[in-house]
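Heavy-atom basis, side chains included; hydrogens, waters and symmetry copies ignored. Numbers here simply count residues along the sequence, with the first being 1.
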Amino acid sequence: SRRHLRHASGVDLDTGLVPTPIIAFATQLDSRRPTRTPDGETDDLVWVDATSVSRLVAEGTLRDGITLAALAAWWASPN
C-alpha cells in the first residue's frame, strides 16, 4: 500500500554545534515490527502506538529532545 509522508517540522538544535536543521516527518505505519537491527546510533527500535506516546512522555520514559520536539509539532498540527 502507498504510504503518505508529510513534513511535520524543522527543529534547530544547538546552532553553534549543529548548524543545519533536523527535519521531522510524520506518516502512518502498519503494526508489523521491523526485522532490521538498529543502525549503530541507537540502542534499540521501539514501536509505540499513538495512544501510548503521551504516557511515555509524562512518565519520563521518552526523553529524547529531537523526538519530543517532533511530537510537539505533531500534536500541534491541525491534521
Asker: Could you pull out all residues at least two apart from Thr20 that satisfy side chain to side chain donor-acceptor pair (under 3.5 Å)?
Answerer: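 If we apply the side chain to side chain donor-acceptor pair (under 3.5 Å) test to Thr20, skipping adjacent residues, there are no hits.
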Asker: Taking side chain to side chain contact (heavy atoms under 4.5 Å, CB included) as the test, write out the residues that go with Leu56, two or more places apart.
Answerer: Val48, Glu59, Thr61, Leu62
Asker: Can you tell me how far apart OG1 (Thr67) and CH2 (Trp74) are? Round to the nearest 0.5 Å.
Answerer: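 Between atom OG1 of Thr67 and atom CH2 of Trp74 there are 12.5 Å.
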Asker: Applying side chain to side chain donor-acceptor pair (under 3.5 Å), name anything that partners Ser54, two or more places apart in sequence or on another chain.
Answerer: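 Here no residue qualifies.
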Asker: To the nearest 0.5 Å, tell me how far Asp64 CG sits from Leu71 CG.
Answerer: 9.5 Å
Asker: Could you report the tightest heavy-atom contact between Ile23 and Gly10, atom names first, then the distance?
Answerer: CD1-CA, 4.3 Å
